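The first residue of the sequence shown is numbered 1, and numbering continues consecutively from there. Computed from a prediction, not measured in an experiment: that's the story for all the values here. Both ligands and their constituent atoms are indexed starting at 1 by order of listing.
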Amino acid sequence: MEDLIFETGEIATLTINRPKALNALNREVLEGIARILRDVRHDASVRILIVTGAGDRAFVAGADIAAMSEMSVVEGQEFMRLGHRVMQTFEDLPIPVIAAVNGFALGGGLELALACDLILASEKARFGQPEINLGIIPGFGGTQRLPHRIGQVRARELIMTGEMFDARTALEWGLVNHVVAAEALIPETRKLAEKIAGKSGFALRQAKAALRASFTMEEDAGLRFEQSTVAVVFGSADKTEGMKAFIEKRQPKWQHR
Ligand code: DAK
């Protein structure tokens with residue numbers, strides 16, 4: 001599919017490739033992403049996934065407005081379900097996902113970034129939930145994930161005004177992990193990905209699942225989930241190796257990649 005470029009490997013990269021429409025998400029693109037994520041889930045050789053947008057203007061400028069303008073209520077609901085499923089699949093992937101935000105991340109584009117584990121932004125990145133300006137509201141999880149990440153106070157203002165904010169503000173608000181020069185975005189994202197790819201894949205999987213519980217569970221249930229998850233990690237070969245390597249003052253050799 002031309003609108004998506006997938007480069008596999010230990011560090012795989014998925015590029016949304018519709019630069020003429022600022023990489024807006026239509027049904028075909030979302031279905032294509034769903035297929036790629038299904039393959040990634042079953043491919044043990046992929047250890048980290050990077051998601052980015054083609055061109056130098058946009059990560060993803062939102063759901064495709066031209067396509068949505070033609071949709072009936074029923075079609076709109078199908079589209080919304082598809083979008084939600086894709087965002088949840090990113091969150092449920094057993095490997096870390098890093099969004100490399102190279103430009104506009106608006107509406108469904110910000111929602112896509114919010115479904116990733118980490119976000120690196122270029123200095124040119126601009127974020128926002130401008131749906132209110134189209135007479136709608138965020139439809140791919142933004143009303144839930146945005147307040148979770150940046151707090152109710154800021155999320156309410158952003159969703160009600162539709163205003164954009166820049167990369168420095170996103171950093172200050174704790175939405176993005178790092179802001180880098182535009183030309184350094186992909187190299188820096190890969191550097192971070194390599195650092196994480198050097199860890200135990202099993203421990204990373206459990207960490208991701210436990211972190212997700214902080215979003216999906218009440219605190220008490222989440223704390224119990226962590227206890228049972230850490231018990232599983234304690235039984236792993238990588239726990240034995242990690243601690244042995246520390247005591248022997250050498251680098252660990254992970255079994256679970
Ligand atoms: N969809 C489709 N095309 C888009 C687009 C989008 N979201 N954003 C930009 N484009 C297209 C433009 O139409 C233009 O196409 P041509 O006219 O060249 O054919 C091309 O990309 C370049 O854009 P501009 O000419 O507008 O470029 P500017 O530099 O002047 O402005 C901009 C850049 C990012 C500020 C502007 O393009 C813009 O405001 N874009 C729209 C951003 C936006 O509103 N995004 C949120 C979309 S709504 C739901 C399901 C999902 C959702 C909600 C509900 N249910 C089914 C209920 C999610 C909604 C959204 O994501």
Any protein heavy atom sitting closer than 4.0 Å to atom 45 (N) of ligand 1? yes
Without swapping roles, check the side chain of T52 against the backbone of A100 for a donor-acceptor pair under 3.5 Å. yes
Decide if atom NZ of K124 counts as having more than 12 heavy atoms of other residues, nucleotides or ligands within a radius under 6.0 Å. no
Tell me whether ligand 1 is touched by G83 - counting only heavy atoms on the residue side and a distance under 4.0 Å. no
Distance under 4.0 Å to a non-hydrogen atom of M164: what atoms of ligand 1 satisfy this? 35 (C)
Do other residues, nucleotides or ligands put more than 12 heavy atoms under 6.0 Å from E7 CD? yes
Atoms of ligand 1 close to L134 [distance to a heavy atom under 4.0 angstrom, numbered from 1]: 44 (O), 47 (C), 48 (S)
4.0 Å protein heavy-atom contact status of atom 24 (P) of ligand 1, strictly under: no
If you measure from atom 43 (C) of ligand 1 to every heavy atom of A24, G128, P130, which option wins on shortest distance? P130
Under a 4.0 Å heavy-atom limit, does N133 contact ligand 1 with its side chain, its backbone, both, or neither? neither
Test item: P252 and D238 side chains (from C-beta on) under 4.5 Å apart, heavy atoms: no
K20 touching ligand 1 at heavy-atom level, < 4.0 angstrom: yes
Is any NZ, NE, NH1 or NH2 atom of the basic residue among R212 and D92 found under 4.0 Å from an Asp or Glu carboxylate oxygen of the other? yes
Tell me whether I137 reaches ligand 1 (any heavy atom closer than 4.0 angstrom to a ligand atom). yes
Heavy-atom closest pair, residues V176 and F127: CG1-CZ, 3.7 Å
Identify, for atom 2 (C) of ligand 1, the protein heavy atom at the shortest distance, and state residue, atom and that distance. I65 N, 3.4 Å
Near F140 (heavy-atom distance under 4.0 Å), the atoms of ligand 1 are 50 (C), 51 (C)
Atom NZ of residue position K199 - does it have more than 12 heavy atoms of other residues, nucleotides or ligands inside 6.0 Å? no
Note: E111 and F140 closest approach over all heavy atoms is OE2-N, 2.9 Å
Take every heavy atom of Q129, measure it against each atom of ligand 1, and state whether any distance is under 4.0 Å. no
For the pair H148 and F215, name the ring-plane relationship: parallel under 30°, tilted 30 to 60°, perpendicular over 60°. perpendicular
Would you say atom 10 (N) of ligand 1 makes contact with the protein, given that contact here means a non-hydrogen protein atom less than 4.0 Å away? yes
Mark up the atoms of ligand 1 that fall under 4.0 Å of a heavy atom belonging to A61, in ascending order. 7 (N), 8 (N), 42 (C), 43 (C), 45 (N), 46 (C)
State, with a plain yes or no, whether a side-chain heavy atom of L14 is found less than 4.5 Å away from one of V40. no
CD of E28: more than 12 outside heavy atoms within 6.0 angstrom? yes
Any atoms of ligand 1 less than 4.0 Å from a non-hydrogen atom of E131? List them with their elements. 48 (S), 58 (C), 59 (C), 60 (C), 61 (O)
Is atom 21 (O) of ligand 1 less than 4.0 angstrom from some protein heavy atom? yes
Take a 6.0 Å sphere around CD of E248 and say whether it holds more than 12 heavy atoms from other residues, nucleotides or ligands. yes
List the closest protein heavy-atom neighbour of atom 57 (C) of ligand 1: residue, atom name, distance to the nearest 0.1 Å. M80 SD, 3.6 Å
Under 4.0 Å from any heavy atom of G107, which atoms of ligand 1 are there? 46 (C), 61 (O)
In terms of side-chain geometry, is the basic nitrogen of E241 or R250 positioned less than 4.0 Å from the acidic oxygen of its partner? yes
Scan the protein's non-hydrogen atoms and note whether one is under 4.0 Å from atom 13 (O) of ligand 1. no
E188 bridged to K191 by N-O distance under 4.0 Å: yes
Protein contact for atom 7 (N) of ligand 1 (heavy atom, distance under 4.0 Å): yes
Which atoms of ligand 1 are found less than 4.0 Å from any heavy atom of R57? 27 (O), 28 (P), 29 (O), 33 (C)
Can you tell me if Q77 has a non-hydrogen atom under 4.0 Å from ligand 1? no
For R224, I'd like to know if atom CZ has over 12 heavy atoms of other residues, nucleotides or ligands within 6.0 Å. no
Among G103, A63, A21, which one puts a heavy atom closest to atom 60 (C) of ligand 1? A63
For atom 40 (N) of ligand 1, is the nearest protein heavy atom under 4.0 Å away? no
Residue-level breakdown please: for E78 versus ligand 1, do any non-hydrogen atoms fall below 4.0 Å on the side chain, on the backbone, on both, or on neither? neither
Nearest-contact summary for atom 56 (C) of ligand 1 - protein heavy atom, Å: G76 O, 2.9 Å
Are any of the protein's heavy atoms under 4.0 angstrom from atom 37 (O) of ligand 1, yes or no? yes
Looking only at protein heavy atoms, which one is nearest to atom 49 (C) of ligand 1, and what is the separation? G139 CA, 3.9 Å
Using side-chain heavy atoms (C-beta onward) and a distance below 4.5 Å, is R168 in contact with E172? no
Salt bridge (Lys or Arg N to Asp or Glu O under 4.0 Å) with D64: of K20, R27, R18, only one passes, and it is R18
Ligand 1 to M68, heavy atom cutoff 4.0 Å, flagged ligand atoms 48 (S), 51 (C), 59 (C)
